[in-house]
Amino acid sequence: MQKKLVTIALAATLSLTATAAYADTLADVKAKGYVQCGVTGGVAGFSAPDADNNWSGLEVDYCRAVAAAIFNDADAVRYTPLTSTERFAALSSGEIDILSRTTTWTMSRDTTLGINFAGTMFYDGQGFMVRKADGIDSALDLSGAAVCIESGTTTELNAADFFAANGLEYDPIVFVDQDEVVKAFEDGRCDVYTTDSSALASERTKFAVPDDYKILPEIISKEPLGPSVRQGDDTWFNIARWVYFALLNAEELGITQANVDEMLGSDNPSIKRILGVEGDFGTPLGLDKSWAYNIIKHVGNYGEIYERHVGPNTPIGLDRGINALWTQGGIQYAPPIR
């Protein structure tokens, strides 16, 4: 029996070792010279291409930050637009290296899909958008409404829960692609459009007359949106996670794209560590010790990314709210680099 147990333990160890040896995303990324990033087909402020196919957005800048950390080149990224139903298969199959696509971190996704979430780039919640002309002021007034929803999303489940919990009837009009959902709502095929509140604000900016639509006050869910990677590759997971943490720590320390070179001369030990002046926090990640400096130099800190793409001075116009740093009344918080 003891010999059998030892044999089983050895087999398990060899299996884990083989998996770890096989999973080397960083080496693969370095060999091809770019990060393959899975994104949406186009959600303004998060990930969307312009007429020349240049991608931008909060989630795009996260991918650019990963590329900057690895290559000292934020443009060493290629983008794969994915629908909600395609995204997890694309990540699991290796078609993409990282998924940064308005994806909610849930227990089932974290434990059954073979993926790991690196962090929450945007704390969101599901809402409802209606036409002002319909005179609806509350989600509790939506009984009997036809509701446009994207399939394969937490949105679909949240809507079902909300209407059931409040004893309301509704007619779900389900589409595979987000663009189809938006078009159906704009064409009047449904009374209500429901998805993450940030996406509602984003899509409303594209309508011919944005002021004809309003987002109802109720938020019916928690939607922590963040990037994810395949399980079984701890080095790649650590890179994905600490790129996110570096963006937050840089903002907390007051390091910006404009002052990062000046900050190299700082006497603050925390600033010295994050910029690679003191210690080497790159080697454990398989990166140069200036990896975080390169992120900030090319992309900026988390606050700069937020303000650039979805902040109050953009067409989307979202206040920081809970996405503010913990020092400013929000819940964005990163472990220290030390």
Side-chain angles (χ1 to χ4, degrees), residues 36-65 77-88 90-91 96 98-105 109 117 119-129 148-156 158-159 174-186 190 192-208 210 213 215 219 221-228 299 302 305-321 323:
Q36 193 75 44
C37 186
V39 293
T40 67
V43 175
F46 288 85
S47 56
D50 63 15
D52 297 319
N53 204 38
N54 296 311
W55 288 81
S56 65
L58 186 145
E59 292 171 326
V60 166
D61 269 357
Y62 169 79
C63 294
R64 297 181 69 246
V77 188
R78 295 185 184 178
Y79 301 98
T80 301
L82 300 165
T83 66
S84 293
T85 53
E86 295 170 334
R87 56 186 164 176
F88 298 121
L91 181 59
I96 58 174
I98 197 159
L99 178 66
S100 185
R101 185 208 176 282
T102 54
T103 298
T104 301
W105 186 350
R109 289 173 175 176
F117 283 84
T120 301
M121 281 292 289
F122 191 90
Y123 289 95
D124 208 347
Q126 184 172 331
F128 298 93
M129 183 158 60
C148 279
I149 306 174
E150 183 179 5
S151 66
T153 62
T154 55
T155 302
E156 193 173 10
N158 292 335
V174 181
F175 300 89
V176 173
D177 184 77
Q178 183 71 9
D179 289 342
E180 294 177 344
V181 177
V182 176
K183 188 176 188 309
F185 175 63
E186 195 172 16
C190 46
V192 185
Y193 169 29
T194 184
T195 189
D196 298 338
S197 295
S198 62
L200 292 177
S202 172
E203 296 296 348
R204 184 170 58 177
T205 65
K206 302 177 185 178
F207 293 156
Y213 304 86
I215 299 171
I219 299 296
S221 70
K222 295 184 293 184
E223 305 295 332
L225 308 179
S228 56
V299 184
Y302 177 84
I305 292 172
Y306 189 101
E307 296 302 323
R308 183 185 305 146
H309 298 297
V310 298
N313 295 320
T314 68
I316 297 170
L318 299 176
D319 291 329
R320 285 288 290 270
N323 286 294

For the backbone of [Y] and the side chain of [X], can you confirm whether one donor and one acceptor N or O come within less than 3.5 Å of each other?
X    : Y    : result
S221 : Q126 : yes
S100 : E59  : yes
S47  : G57  : no
R101 : L82  : yes
R109 : T104 : yes
T194 : G127 : yes
T155 : T195 : no
Y306 : D319 : yes

V77/W55 under side chain to side chain contact (heavy atoms under 4.5 Å, CB included): CA gap, chis, key distance, verdict: CA-CA 10 Å; V77 188; W55 288 81; over 6 Å; no
Is there a side chain to side chain contact (heavy atoms under 4.5 Å, CB included) between E307 and R320? Walk through the geometry before answering. CA-CA 9 Å; E307 296 302 323; R320 285 288 290 270; 3.9 Å; yes
Side chains of [X] and [Y] only: does a donor on one sit below 3.5 Å from an acceptor on the other?
X    : Y    : result
T154 : E223 : yes
Q178 : S84  : no
T80  : Q36  : yes

Working note: E203 + K206, criterion salt bridge (charged side-chain N to carboxylate O under 4.0 Å, His left out); need CA distance, chi angles, decisive distance, verdict. CA-CA 5 Å; E203 296 296 348; K206 302 177 185 178; 3.3 Å; yes
Non-hydrogen side-chain atoms of [X] and [Y] separated by less than 4.5 Å:
X    : Y    : result
S151 : E156 : yes
Y302 : N323 : yes
L318 : S198 : yes
T205 : P210 : no

Where do [X] and [Y] come nearest, in terms of heavy atoms and distance?
X    : Y    : result
R87  : L99  : CB-CD1, 3.8 Å
R308 : V299 : NH2-O, 2.8 Å
L58  : V310 : CD1-CG2, 4.2 Å
I98  : S228 : CG1-O, 3.5 Å
D50  : N54  : OD1-N, 2.8 Å
G45  : I316 : CA-CD1, 3.5 Å

How long is the straight-line distance from [atom2] of [Y] back to [atom1] of [X], given to the nearest 0.5 Å?
X    : Y    : atom1 : atom2 : value
C148 : K183 : SG    : NZ    : 11.0 Å
D196 : T102 : CG    : OG1   : 6.5 Å
I219 : N158 : CD1   : CG    : 11.0 Å
L225 : D124 : CG    : CG    : 5.0 Å

If you count every heavy atom of other residues, nucleotides or ligands that lies below 6.0 Å from K222 atom NZ, does the total exceed 12?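 It does not: K222 NZ has 12 such atoms or fewer within range.
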Step by step, work out the side chain to side chain contact (heavy atoms under 4.5 Å, CB included) result for F207 and F185. CA-CA 10 Å; F207 293 156; F185 175 63; 3.9 Å; yes
Are the aromatic rings of F46 and F122 close, with centres under 6.0 Å apart?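 Centroid separation for F46 and F122: below 6.0 Å.
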Which one of E186, R204, E150, M129 satisfies the side-chain contact (heavy atoms from CB on, under 4.5 Å) criterion with Y193? M129
Does the side chain to side chain contact (heavy atoms under 4.5 Å, CB included) test come out yes or no for F88 and T103, once each step is laid out? CA-CA 10 Å; F88 298 121; T103 298; 3.8 Å; yes
Give the ring-plane orientation class for W105 versus F117, where under 30° counts as parallel, over 60° as perpendicular and anything between as tilted. parallel
